[in-house]
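Here is the structure we will look at.
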2 protein chains.
Amino acid sequence: MSLPKYYEQKLRILEIIGETSPGTMIPTERELAERFDTSRTTIRKAIAELVVEGRLARTQGRGTFVADPKKIHVRQMTSFSEDMTGYKTDSIVLGLERIEAGGEMAARLDVPVDSTVTRLRRLRRQDGEPLAIEAAHLPGPFPGLEIELEARGSLYETLREVYGIDISAAEDHVETALAAADDAETLGVDTGHPLLQVHRTAWDQHGRAAEWMRGLYRGDRFRFVARISR
Amino acid sequence: MSLPKYYEQKLRILEIIGETSPGTMIPTERELAERFDTSRTTIRKAIAELVVEGRLARTQGRGTFVADPKKIHVRQMTSFSEDMTGYKTDSIVLGLERIEAGGEMAARLDVPVDSTVTRLRRLRRQDGEPLAIEAAHLPGPFPGLEIELEARGSLYETLREVYGIDISAAEDHVETALAAADDAETLGVDTGHPLLQVHRTAWDQHGRAAEWMRGLYRGDRFRFVARISR
DNA sequence: ACATCATATTGGTCTATGCCAATTTTAAGC
DNA sequence: GCTTAAAATTGGCATAGACCAATATGATGT
């Protein structure tokens with residue numbers, strides 16, 4: 001019947017959050033521990049969950065602050081760039097290479113094993129803050145993709161205008177995942193931070209596999225939206 | 001550059017997992033702590049993440065065991081029951097009441113405030129293990145729903161056959177959430193366990209809002225799948 | 001053999017503490 | 001005033017340990 005002690009503290013801290021507005025600093029961990037007559041460890045566990053839920057943000061040496069829990073929508077079939085209007089968003093190309101398709105990749109893109117696959121890794125940001133990592137895999141060499149993509153920004157737009165590939169169907173698989181050490185570093189979150197992991201297979205106007213994508217989105221900042229009708 | 005210490009232990013435990021098969025017991029926390037020359041606290045943090053990822057399962061007094069990380073797919077527009085073929089699944093009705101629509105509910109279902117809304121809360125299980133909580137809200141009293149639903153099992157089938165409501169469009173919003181104390185208890189997971197939270201608005205053949213649903217799915221056991229074409 | 005009860009084992013929770021790292025604040029020097 | 005350096009503050013990370021709760025084990029008695 002009784003709640004875990006850390007959870008009680010979480011509820012009490014939520015009250016503090018409710019009384020203030022985003023940007024306000026809450027009391028220090030040591031002060032909260034003393035005020036609520038508990039250990040700093042327990043307070044930190046409570047705060048950790050509130051950070052994961054996007055209600056708090058903390059910085060070493062500065063303090064812990066009330067955050068704005070708004071979420072960005074990622075829609076099916078619309079690229080990231082189309083969906084983040086109204087924000088100062090940008091996209092950093094982390095890498096664009098041609099690799100040889102392994103067994104799994106070959107199956108996903110329906111190409112022979114060892115054939116050339118183009119891999120594009122991008123970091124998505126909003127107001128300079130990293131929010132998502134997307135790794136797209138395309139069947140073939142796609143010569144000149146670097147330059148064409150640079151000019152347009154949107155991958156799907158580039159595929160359509162330059163390579164005649166019109167993405168017309170897609171299947172997304174959405175699940176939770178915990179940030180691995182390297183992804184956590186790139187995204188600026190703690191190792192183990194919950195993420196939305198999206199795997200997408202997309203097909204062109206002829207029904208051929210055109211893209212296989214893996215996206216990692218900060219769980220506290222994103223919501224995946226899918227609409228369907230028949 | 002260096003990895004967090006608990007994360008190193010996580011990788012080492014993953015090696016142990018890789019060498020065995022589901023059901024095998026791994027060494028106790030105290031033994032792992034001694035073997036890896038670290039504290040039990042650090043080992044527990046590593047194990048906690050592996051539990052969240054579905055790689056381990058632990059029981060007080062028994063031990064920690066290698067788990068089978070398979071995930072169940074939840075598809076858009078198909079009910080839970082249609083999707084879990086091959087498993088011994090069942091559904092427990094936690095509650096079926098008629099309530100008055102509040103402001104938010106009224107807006108979501110496009111009905112007047114204070115009008116009657118039917119709320120159906122169900123617990124979804126597989127082989128007796130609770131896996132998901134779904135709360136559906138329907139606009140209107142839906143007399144006899146208890147009996148009709150009992151006979152058919154599937155809500156969408158009941159709506160179609162008995163009430164002439166054919167769900168023909170839906171929008172799902174998928175995000176991560178941490179299990180609150182009561183939901184954690186119902187699902188048999190720890191408080192704070194990552195979940196997939198799905199909000200669905202569904203419309204009938206005339207474009208009228210027919211359902212508003214909130215689902216909580218264990219993040220370690222589910223994957224949301226959405227397919228679209230144009 | 002079987003059931004019962006005490007004991008040991010194992011995970012669950014919380015505490016107290018130490019030290020490090022990033023940042024802010026204060027003091028010192030010019 | 002301004003810059004620079006030292007000190008204090010605050011979160012980050014890991015440790016050791018105490019005690020509890022659930023389960024498994026082994027001893028005991030019949």
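Chain identifiers are assigned alphabetically (A, B, ...) following the order of the sequence lines, protein sequences preceding nucleic acid strands; residue numbering begins at 1 within each chain. The basis for the numbers below is simple: all heavy atoms, side chains too, and nothing from hydrogens, waters or symmetry mates.
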### Message
Counting only side-chain heavy atoms from C-beta out, which of dT10(D), dC14(C), dT10(C) sits nearest to Lys5(A)?
### Response
dC14(C)

### Task
Indicate whether OP1 or OP2 belonging to dT10(D) is found under 4.0 Å from a side-chain N or O atom of Arg62(A).
no

### Those residues that, when tested against Glu104(B), pass salt bridge (charged side-chain N to carboxylate O under 4.0 Å, His left out) (two or more places apart)
Arg108(B)

### Message
Between C1' on dT13(C) and CD on Gln9(A), what's the gap in Å once rounded to a whole number?
### Response
13 Å

## Note on the structure
In whole angstroms, the gap separating C1' of dT15(C) from OH of Tyr6(A) amounts to 17 Å

### Task
Could you state the atom-to-atom distance from CD of Glu8(A) to P of dT15(C) in whole Å?
10 Å

### Query
What does the inter-axis angle of the helix from dA1(C)-dT30(D) to dC30(C)-dG1(D) come out as, five pairs per end, nearest 10 degrees?
20°

Atom pairs and distances, donor-acceptor, side-chain atoms in residues 30-37 of chain A, under 3.5 Å, two or more places apart:
residue	atom	partner	partner atom	Å
Glu31(A)	OE2	Arg35(A)	NH2	3.1

### Task
Give every residue pair that meets the ring pair (Phe, Tyr, Trp, His ring centres under 6.0 Å) criterion with at least one member in residues 170-189 of chain A, sequence neighbours excluded.
His173(A)-His73(B)

### Query
Which pairs, with at least one residue in residues 179-199 of chain A and sequence neighbours excluded, count as a ring pair (Phe, Tyr, Trp, His ring centres under 6.0 Å)?
His199(A)-Trp212(A)

### salt bridge (Lys or Arg N to Asp or Glu O under 4.0 Å) contacts touching residues 54-67 of chain B (sequence neighbours left out)
Glu29(B)-Arg58(B)

### Task
Identify, with sequence neighbours excluded, every residue that meets salt bridge (charged side-chain N to carboxylate O under 4.0 Å, His left out) alongside Glu49(A).
Lys10(A)

### Query
Is the backbone N or O of Ala226(A) less than 3.5 Å from a side-chain atom of Gln76(B), with the two atoms forming a donor-acceptor pair by type?
yes

### Task
Figure out the CG/P separation between Asp190(B) and dA22(D), and round it to whole Å.
14 Å

### Summary
Hits for side-chain contact (heavy atoms from CB on, under 4.5 Å) against Leu123(B), two or more places apart or cross-chain, chain-then-number order -> Ile92(B), Leu94(B), Arg125(B), Pro130(B), Ile133(B), Thr186(B), Leu187(B)

### Message
Name the residue from Lys70(B), Arg221(B), Lys71(B), Arg218(B) that meets the salt bridge (Lys or Arg N to Asp or Glu O under 4.0 Å) definition with Glu175(A).
### Response
Lys71(B)

#### Entry: ring pair (Phe, Tyr, Trp, His ring centres under 6.0 Å) partners of Tyr6(B), counting only residues at least two apart
none

### Query
In residues 27-46 of chain B, which ones come under 4.0 Å of DNA chain C, going by heavy atoms?
Thr28(B), Glu29(B), Arg30(B), Arg40(B), Arg44(B)

### Query
Expressed in angstrom and rounded to an integer, what is the separation of Ile13(B) atom CD1 from dG11(C) atom P?
11 Å

### Query
Is there a residue in residues 47-61 of chain A whose heavy atoms reach under 4.0 Å of DNA chain C, and which residues are they?
Gln60(A), Gly61(A)

### Message
According to salt bridge (charged side-chain N to carboxylate O under 4.0 Å, His left out), who are the partners of Glu8(A), at least two apart in sequence or on a separate chain?
### Response
none

